[in-house]
Amino acid sequence: MLQVLANDFKRQWQDTESAVLSAVTAVGTSGWYILGKEVEEFERALAAFWGAPEAVGVASGLDAIELSLRAAGCKAGDKVLTTPLSAFATTLAIIKIGAIPVFVDCDDFGLVDLQEATCAFQSRPDIRTFVPVHLYGQPLDLNRLAELRDAFDLLIVEDCAQSIGAYFEGRPSGSVGLFAATSFYPTKNLGALGDGGAVLTSSDQGAATIRKLRDYGQSAKYSHTMIGYNSRLDEFHAAILRRVYLPRLPHWTERRRAIANLYRDGIANPNIRPMPIAAGSSSCYHLFPVIVENGEKESFVAHMRQCGIGVAEHYPLAIIDQPALAGVPHEILGDCAHARRICRLEVSLPIHPYLTDDEIVRVMAACNSWQ
Ligand SMILES: *Cc1c(COP(=O)(O)O)cnc(C)c1O
């Protein structure tokens, strides 16, 4: 039986091949492959799209978070509040600079619980850095996030790897923190044909620091004023992203939202509950998570695969339960029962913009025929 894929990169390639090849030719013939005008132009286009004053291209989403923390002055031994439910990279960025991740539980939307975060900042003046994640494409409540920032004078790096094009009450995710980090990993809503990432910020000085950090800490050629990284977005990806994928992103996001609406209307199985969306939030539907209410996740996943549906899990294990974390300093506030419950019960349905109407119907029929 034909598979309904979680991501259909071959269809994307069929649709965009000639435009991508033109972008590649333009860079190839320019003879300039690292930190040239394609990266500059992409940064301008991305900043304009996002409504942010500055964007800086880097090598990955992980690096975007790590460099942001560094540029914000976060250092070894600092405590950083974050969520146990995310890609491991969120926590990895904190650990890589020697800072100490402190985990609080998430809420019913799978997002870091801002009430619990408030309690943590109230009782723990030693925690003044926060890395929240706009998970699944759902923005956190940005008004509350801004209130927290101001009440506790927080340094915030927003993980926007899954939230490009997501808004809360008209305001884009990433607009509250000093920095926002995003990723162009191929599965993301704005995915490259390889790795890439970017930092968004309204701070000129912050952007300048990220530009130094990504290029060995150079402030001018052969003048190294910081201990930096090699974390440069290359000209090929910048050209492909700006010329081909970024212009298509609004349409792709609309398609994701339309699919989500069809799913919400069409999934009638009481044991399959789409993850709710908070009032005021406009998700960019990076993922479409559902909760398997009767607890039989393995059986549902097996059924969907039997029906040819490429489902996934985000995430099968909470970050706090990952073996790699056992060996590094960290703190867990409370029991993180919500995060662990979502890990036990969550399944992601296909929601990429190249799904056909027939495939959407098949996904819903497969959900509704499971018992
Ligand atoms: C993908 C992702 C990252 C890491 O991005 P990479 O480009 O793979 O390094 C970080 N955080 C979240 C929430 C992600 O989904």
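Below, all heavy atoms of this structure are taken into account, side chains as well, without hydrogens, waters or symmetry copies. Both ligands and their constituent atoms are indexed starting at 1 by order of listing.
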(request) Write out the residue and atom name of the closest protein heavy atom to atom 6 (P) of ligand 1, then the distance separating them to 0.1 Å. (result) Gly61 N, 3.4 Å

(request) First locate atom CD1 of Ile259, then atom CD of Glu254, and finally report the distance between them rounded to the nearest 0.5 Å. (result) 11.5 Å

(request) Quick one: look up the protein heavy atom nearest atom 11 (N) of ligand 1 and list residue, atom name and how far away it is. (result) Asp159 OD2, 2.7 Å

(message) Out of all atoms in ligand 1, which are within 4.0 Å of some heavy atom of Thr90? Include the element for each.
(response) 11 (N)

(message) Only heavy atoms of Val133, strictly under 4.0 Å: list the atoms of ligand 1 that pass.
(response) 13 (C)

(request) Would you mind running through ligand 1 and noting each atom that sits below 4.0 Å from a heavy atom of Ser86? (result) 13 (C)

(message) When you group the ILVMFWY residues by side-chain heavy-atom contacts below 4.5 Å and let the links chain together, are Ile360 and Val290 in the same group?
(response) yes

(request) Verify the ring-centre separation between Tyr33 and Phe236: is it less than 6.0 angstrom? (result) yes

(message) Counting only heavy atoms, tell me which of Ala161, Gly191, Ser60, Gly196 gets closest to atom 3 (C) of ligand 1.
(response) Ala161

(message) Nearest non-hydrogen contact with atom 5 (O) of ligand 1 belongs to which option: Pro186, Ser183, Ala89?
(response) Ser183

(request) Before accepting this row, confirm whether a basic side-chain N of the pair Arg273/Glu346 lies closer than 4.0 Å to the acidic partner's carboxylate O. (result) no

(request) Run down the list Lys188, His314, Gln162 and name the one with the heavy atom closest to atom 2 (C) of ligand 1. (result) Lys188

(message) Using the ring centroid of each side chain, check whether Phe184 and Phe42 are separated by less than 6.0 Å.
(response) yes

(message) Quick check on salt bridge (charged side-chain N to carboxylate O under 4.0 Å, His left out): which of Lys37, Arg211, Arg242 does Glu43 satisfy it with?
(response) Arg211

(request) Could you say whether the N/O atoms of Ala87 and ligand 1 ever approach to under 3.5 Å? (result) no

(request) State yes or no: are the ring centers of Phe121 and Phe130 separated by less than 6.0 Å? (result) yes

(message) Is there a polar contact, in the sense of an N or O pair closer than 3.5 Å, between Leu62 and ligand 1?
(response) yes

